[in-house]
Amino acid sequence: MVTLFCRRGFHSLRASSLKYIPWQLSQNLSEERGRLLPTCSSLSFQELESHFVSLLNDSTTLPRLRQLHGCIYRSGIHHSCFVLTKLIRCLTSLDVPVEPSYPKLIFLQAQRRNPFLYTALIRGYSLRGNLGDCVRLYGDMRRDGISPVTFTFTAMFKACGEQLDLRLGTQVHCQMVLIGGFGPDLYVGNTLISMYVSCGVLGCARKVFDQMPDRDLISWTTLLVAYSKSGDMGSAGYLFNRMPEKDKIAWTAMITGLVQNSRPGEALKLFDRMLASHVGLDEYTLAGVISACAQLGASKYAKWVSDIAEDSNLSPINSVVVGSALIDMYSKCGQVDEAYKTFHAMKERNVYTYSSMIVGFAIHGQPRAAINLFNEMLKNRSIRPNDVTFVGVLTACSHGGMLDQGRDIFSMMEKVYGVPPNADHYACMIDLLGRAGKLREALELIEKMPVEPHGGVWGALLGACKVHEDPDIAEIAASHLFAIEPDGIGNYILLSNIYASSGRWEDVLRVRKLMRGRKLRKNPGCSWFEAKKGEIHEFFAGDTKHPQYNEIKRILEKLVERLEGDGYEPILSSVAYDVSDEDKRRILMGHSEKLALAFGIFSSSSGSVIRIMKNLRICEDCHSFMCGASRVAERDIVVRDNMRFHHFRDGVCSCGNFW
DNA sequence: AGCTGGAGCC
């Protein structure tokens with residue numbers, strides 16, 4: 001490509017040849033002019049067309065395109081649809097903003113219009129999400145008696161998909177079939193599948209897929225992703241197994257789908273098969289695999305996947321995608337220090353990087369660190385916070401009990417940063433208000449919400465009712481929860497616990513009956529402890545089957561003795577059954593995290609951190625037990641429950657008894 | 001003739 005005004009050439013000139021610059025400049029300029037605007041007599045019409053098209057192909061800036069536009073006019077080739085089409089295409093695919101009327105002006109200047117010219121402008125509108133003008137122009141085109149080409153339809157379908165206009169999309173689809181000539185060929189078919197998928201009508205997408213005479217990797221993968229996003233892993237797996245060939249995008253899509261549907265174990269197995277099939281991998285693949293490890297939450301996997309990233313030359317240093325995923329994983333594996341090390345080492349950071357780290361600090365009970373990082377991020381003008389960033393910041397406020405700061409940020413997020421609060425943000429606010437004991441205000445906020453409250457919102461209110469023992473508001477929250485998530489076993493248990501702790505035993509029985517009626521069983525409490533070699537020990541509540549149970553029991557009894565000397569008193573209201581105090585004590589001692597703790601104390605070396613994961617929220621008694629144990633046993637204990645991390649050290653917890 | 005579509009980290 002010839003560089004205008006010789007900029008590049010200028011830099012490459014040596015000092016000794018400076019005296020030639022004026023000559024070289026003018027020489028290059030006139031050469032350039034000659035190349036841009038050849039005399040008409042020297043070239044045939046076709047030659048002029050291809051001359052300008054090749055110039056346009058090389059032009060990626062607005063000034064350059066404007067200049068070419070002028071040249072096209074002066075050369076007298078402006079009635080060529082071919083050249084004008086190309087010009088419109090170039091203008092509308094630029095990254096920089098172009099005044100919307102400019103491509104239209106060129107369109108109007110054309111003396112003749114063919115389908116390609118129309119289509120170029122339709123595509124321009126479609127790229128800018130301007131569905132209204134797409135439709136108008138499509139109408140003009142039909143009135144002009146010009147038949148659309150396949151690409152006209154793909155442009156229309158793409159715009160309909162992006163604007164979620166299923167009605168119009170279906171109409172155009174019907175017209176396409178009626179006009180005839182265009183069956184669902186490869187490209188049109190794939191675009192149609194995407195359109196129906198983004199409008200959420202998977203059945204239609206599947207129909208198009210089934211009707212297509214030829215399908216390629218993209219057809220299969222689009223549909224596969226759609227099924228996995230809708231939670232239908234059965235259909236996704238069926239497609240995956242029947243794909244005639246698979247590239248790394250297809251493998252990655254399937255792995256990520258499993259992760260998104262909380263099936264991390266299967267995702268890792270599939271990754272093994274992917275490695276064996278030698279299709280290669282990239283940062284997207286690793287992001288999915290890392291996410292699977294984050295869900296498993298075991299440091300064994302964290303180490304394993306970090307090594308793979310290092311071996312593939314995709315370390316956090318040179319991939320912001322891998323780095324951000326690793327930060328999330330480390331913090332979900334309880335290693336927030338390691339997460340920060342990764343964050344610190346990264347060369348490039350984007351909004352995901354910051355958000356992951358902010359969320360990490362938030363769930364590890366370091367709200368100050370989260371807020372500071374948020375402020376640091378705001379200083380970087382090129383990174384704007386998004387909805388997830390605010391989930392992290394608000395979670396930090398709520399875990400830190402920072403009510404006023406939380407309110408400020410919540411009111412700022414839309415006004416200052418243009419991020420409208422969604423149901424998750426409201427859930428954070430409800431949590432924040434709830435912790436501060438402002439249950440009425442929380443309830444009023446829910447009633448004023450502009451978006452539909454989901455289970456998380458009512459769940460946060462119900463959780464707050466547990467902490468502040470308010471069975472009346474709990475009933476309101478629970479009634480909504482039972483409607484939204486009728487199978488959510490935790491809600492019934494929480495409500496019955498709230499009744500239990502205020503001694504309303506008839507109501508407890510009523511809830512239990514409701515649960516039985518809906519055939520719901522209490523999820524057994526379960527905890528894991530990861531031993532030194534990476535093997536995982538699993539403990540269920542009341543479990544006596546562990547091979548070293550006698551040792552566990554001995555350690556627990558010794559621990560209780562020392563704690564009671566320290567003033568520990570079992571919190572009997574944590575037991576939701578109406579049984580004798582003696583039985584309550586027995587049940588509390590059988591809680592799975594206590595068993596895991598006892599096992600951790602005698603099976604790991606004395607200086608190491610004891611990491612425990614638990615499937616349910618940690619109960620009040622276990623929480624106070626862990627606090628005490630961290631002091632008398634002189635061990636750091638980290639417990640991940642289904643909400644967050646608790647770091648126990650020297651008798652206190654990072655959550656400040658706020659959870 | 002020109003023209004197009006699929007995966008990701010919180």
Side-chain angles (χ1 to χ4, degrees), chain A residues 46 49-50 53 56-57 80-90 92-93 114-117 119-120 122-123 126-127 148-158 161 185-195 197-198 212 215-226 228-229 243 246-257 259-260 281-292 294 314 316 319-329 331-332 339 342 346 349-360 362-363 385-393 395 424:
Chain A
Q46 273 79 15
E49 275 193 335
S50 54
V53 167
L56 285 164
N57 276 335
S80 156
C81 272
F82 189 17
V83 172
L84 293 186
T85 302
K86 186 74 210 173
L87 182 58
I88 293 176
R89 285 199 55 78
C90 290
T92 51
S93 349
N114 72 4
F116 297 108
L117 189 72
T119 303
I122 289 179
R123 186 187 116 105
S126 123
L127 285 177
V149 292
T150 47
F151 187 44
T152 320
F153 291 116
T154 54
M156 293 292 291
F157 293 145
K158 189 147 187 259
D185 82 347
L186 198 52
Y187 296 127
V188 179
N190 284 345
T191 320
L192 264 175
I193 292 178
S194 302
M195 181 189 78
V197 164
S198 34
M212 285 165 72
R215 306 176 191 106
D216 63 2
L217 268 167
I218 293 174
S219 335
W220 288 90
T221 313
T222 312
L223 205 56
L224 189 159
V225 169
S228 83
K229 284 208 172 127
M243 285 177 80
K246 306 177 183 79
D247 64 357
K248 70 181 166 196
I249 296 185
W251 282 96
T252 304
M254 190 63 204
I255 289 175
T256 310
V259 175
Q260 285 165 346
L281 57 89
D282 61 14
E283 47 185 355
Y284 298 137
T285 320
L286 278 183
V289 179
I290 292 170
S291 210
L314 286 169
S319 164
V320 65
V321 175
V322 169
S324 307
L326 279 176
I327 290 172
D328 176 53
M329 178 190 72
S331 74
K332 286 196 178 135
T342 306
M346 285 168 69
R349 295 173 197 146
N350 62 15
V351 61
Y352 294 108
T353 323
Y354 275 97
S355 304
S356 304
M357 196 62 239
I358 290 171
V359 171
I363 60 175
N386 66 12
D387 52 339
V388 182
T389 321
F390 282 106
V391 170
V393 180
T395 308
D424 290 336

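The sequence lines fix the lettering, A, B, ..., with proteins before strands; numbering per chain opens at 1.
- Between R215(A) and dG5(B) there is no side-chain N or O to OP1 or OP2 distance below 4.0 Å.
- Looking at heavy-atom distances under 4.0 Å, K229(A) makes contact with sugar-phosphate atoms alone, never a base.
- The CD-C1' distance, from Q260(A) to dC9(B), rounds to 11 Å in whole Å.
- As rounded to whole Å, 17 Å separates atom P of dA1(B) from atom CG of N57(A).
- Across all strands shown, T256(A) has heavy atoms under 4.0 Å from sugar-phosphate atoms exclusively, and none from any base.
- Nucleic acid contact for N114(A): base, since at least one base atom lies under 4.0 Å from a heavy atom of the residue.
- Side-chain atoms of D247(A) and base atoms of dG6(B) include a donor and an acceptor less than 3.5 Å apart.
- In the set dC10(B), dC3(B), dA7(B), the nucleotide with an atom closest to the side chain of R89(A) is dC3(B).
- Listed by chain and residue number, D328(A) satisfy the salt bridge (charged side-chain N to carboxylate O under 4.0 Å, His left out) test with K332(A) (two or more places apart in sequence, or in another chain).
- Remark: K246(A) pairs with no residue by the salt bridge (charged side-chain N to carboxylate O under 4.0 Å, His left out) rule, at least two apart or across chains.
- For Y284(A), the listed nucleotide lying nearest its side chain is dA7(B); candidates were dC9(B), dC3(B), dA7(B).
- The separation between L314(A) atom CG and dC9(B) atom P is 16 Å, rounded to whole Å.
- Atom C1' of nucleotide dG6(B) and atom CH2 of W220(A) are separated by 14 Å, given to the nearest angstrom.
- Within the 3.5 Å criterion, the main-chain N or O of G288(A) finds no donor-acceptor partner in the side chain of S291(A).
- Remark: side-chain polar atoms of D282(A) are paired, donor with acceptor, to backbone N or O of T285(A) under 3.5 angstrom.
- Judged by distance alone with a 3.5 Å cut-off, no donor-acceptor contact links the side chain of D216(A) to the base of dG6(B).
- Listed for the D216(A) side chain is a donor-acceptor partner under 3.5 Å among the backbone atoms of S219(A).
- Distances shorter than 4.0 Å separate none of the side-chain N or O atoms of K158(A) from OP1 or OP2 on dT4(B).
- Distance CD1 (I290(A)) to P (dC9(B)): 11 Å, rounded to an integer number of Å.
- Rounding to whole angstrom units, CG of residue N350(A) and P of dC10(B) are separated by 12 Å.
- For K332(A), counting side-chain heavy atoms from C-beta on, the closest listed nucleotide (dC10(B), dC9(B), dT4(B)) is dC10(B).
- Within 4.0 Å of V321(A), counting heavy atoms only, lies at least one base atom of the nucleic acid.
- With dT4(B), dG5(B), dC9(B) as the choices, the nucleotide that has an atom nearest any side-chain atom of I218(A) turns out to be dG5(B).
- Whole-Å rounding puts the L192(A) CG to dT4(B) P distance at 17 Å.
- Picking from dA7(B), dC9(B), dT4(B) the nucleotide with the shortest atom distance to the side chain of I249(A) gives dA7(B).
- Evaluation of atom-type donor-acceptor distances gives no pair under 3.5 Å for the side chain of T222(A) against the base of dG6(B).
- The phosphate of dC10(B) has OP1 or OP2 within less than 4.0 Å of a side-chain N or O from S291(A).
- Counting only heavy atoms from C-beta on, V388(A) has its side chain closest to dC10(B) among dA7(B), dC10(B), dG5(B).
- Atom pair D282(A):CG and dG6(B):C1' shows a separation of 13 Å (rounding to whole Å applied).
- Within 4.0 Å (heavy atoms only), K248(A) reaches no atom of the nucleic acid at all.
- In this structure, D387(A) reaches neither bases nor backbone, as no heavy-atom distance under 4.0 Å exists between it and the strands shown.
- Nearest heavy-atom pair, S228(A) versus G257(A), reported as atom, atom and distance to 0.1 Å: OG-CA, 3.6 Å.
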